[in-house]
Amino acid sequence: MNRTNDSLRIARNIREVRVANNLTQLEMAETLGYTERTIRRLETSGTDNISVINLIASKFNVSAMNILFN
């Protein structure tokens with residue numbers, strides 16, 4: 001799979017984590033210590049930063065592997 005598809009899959013999975021936890025983008029941003037703009041970017045473009053993925057996984061009790069490969 002190419003990088004664009006990987007990024008879009010990660011973006012979709014980050015959004016799914018937020019929605020599953022009934023959070024707005026602002027609420028998720030506050031939980032993670034990010035700005036709402038950053039959450040919008042993550043949900044649009046994804047990320048290849050494993051630290052960000054691990055933070056989301058730990059704060060919302062999901063597997064980083066699910067964010068990366070689900």
Side-chain angles (χ1 to χ4, degrees):
M1 195 170 279
N2 66 40
R3 185 168 169 86
T4 300
N5 287 338
D6 291 343
S7 294
L8 293 176
R9 182 183 61 245
I10 291 168
R12 182 192 71 230
N13 292 339
I14 291 170
R15 181 181 186 281
E16 287 177 1
V17 168
R18 178 179 61 80
V19 170
N21 285 278
N22 297 312
L23 298 173
T24 65
Q25 289 178 334
L26 178 59
E27 290 168 333
M28 185 175 198
E30 290 171 345
T31 299
L32 297 172
Y34 293 146
T35 64
E36 185 177 8
R37 181 178 179 183
T38 298
I39 300 304
R40 283 195 305 268
R41 183 181 48 77
L42 291 172
E43 290 186 2
T44 302
S45 304
T47 184
D48 60 359
N49 185 328
I50 195 66
S51 295
V52 171
I53 292 167
N54 283 332
L55 177 63
I56 293 168
S58 68
K59 289 283 186 178
F60 296 102
N61 198 31
V62 297
S63 166
M65 297 301 279
N66 284 345
I67 295 172
L68 290 169
F69 300 112
N70 192 18

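- Remark: Arg41 engages no residue in a salt bridge (Lys or Arg N to Asp or Glu O under 4.0 Å) (not counting sequence neighbours).
- Atom CG of Asn54 and atom OG of Ser63 lie 9.5 Å apart (nearest 0.5 Å).
- With sequence neighbours excluded, the residues forming a side-chain hydrogen bond (donor to acceptor under 3.5 Å, both in side chains) with Thr35 are Thr38, listed by chain and number.
- Connection of Leu42 to Phe69 is established within a shared hydrophobic cluster, with ILVMFWY side chains joined at heavy-atom distances below 4.5 Å, either directly or through further cluster members.
- Looking at residues two or more places apart in sequence or on another chain, you find no side chain to side chain contact (heavy atoms under 4.5 Å, CB included) involving Asn61.
- Legend: residues meeting side-chain hydrogen bond (donor to acceptor under 3.5 Å, both in side chains) with Arg15, ordered by chain and number and at least two apart, are absent.
- For the atom pair CD1 (Ile56) and CD1 (Ile10), the distance works out to 10.0 Å, reported to the nearest 0.5 Å.
- Closest non-hydrogen pair, Ala11 versus Gly46, comes out as CB-N, 3.4 Å.
- The CD1 atom of Ile14 sits 6.0 Å away from atom CD1 of Ile53, with the distance rounded to the nearest 0.5 Å.
- For Gln25, the side-chain hydrogen bond (donor to acceptor under 3.5 Å, both in side chains) partners are Glu43, not counting sequence neighbours.
- In the hydrophobic cluster analysis, where Ile, Leu, Val, Met, Phe, Trp and Tyr join through side-chain heavy atoms closer than 4.5 angstrom, Ile50 is grouped together with Val62.
- Not counting sequence neighbours, the partners of Leu23 by the side chain to side chain contact (heavy atoms under 4.5 Å, CB included) test are Arg18, Asn21, Glu27, Met28, Phe60.
- Contact of the Leu32 side chain with the Val52 side chain is not registered, since no non-hydrogen atoms from C-beta on lie closer than 4.5 Å.
- The distance from the OG1 atom of Thr47 to the CG atom of Asp6 is 12.5 Å, given to the nearest 0.5 Å.
- In this structure, Ser7 and Ser45 approach most closely via the heavy-atom pair CB-O, 3.4 Å.
- Closest approach of Asn13 to Ile67, counting heavy atoms only: ND2-O, 2.9 Å.
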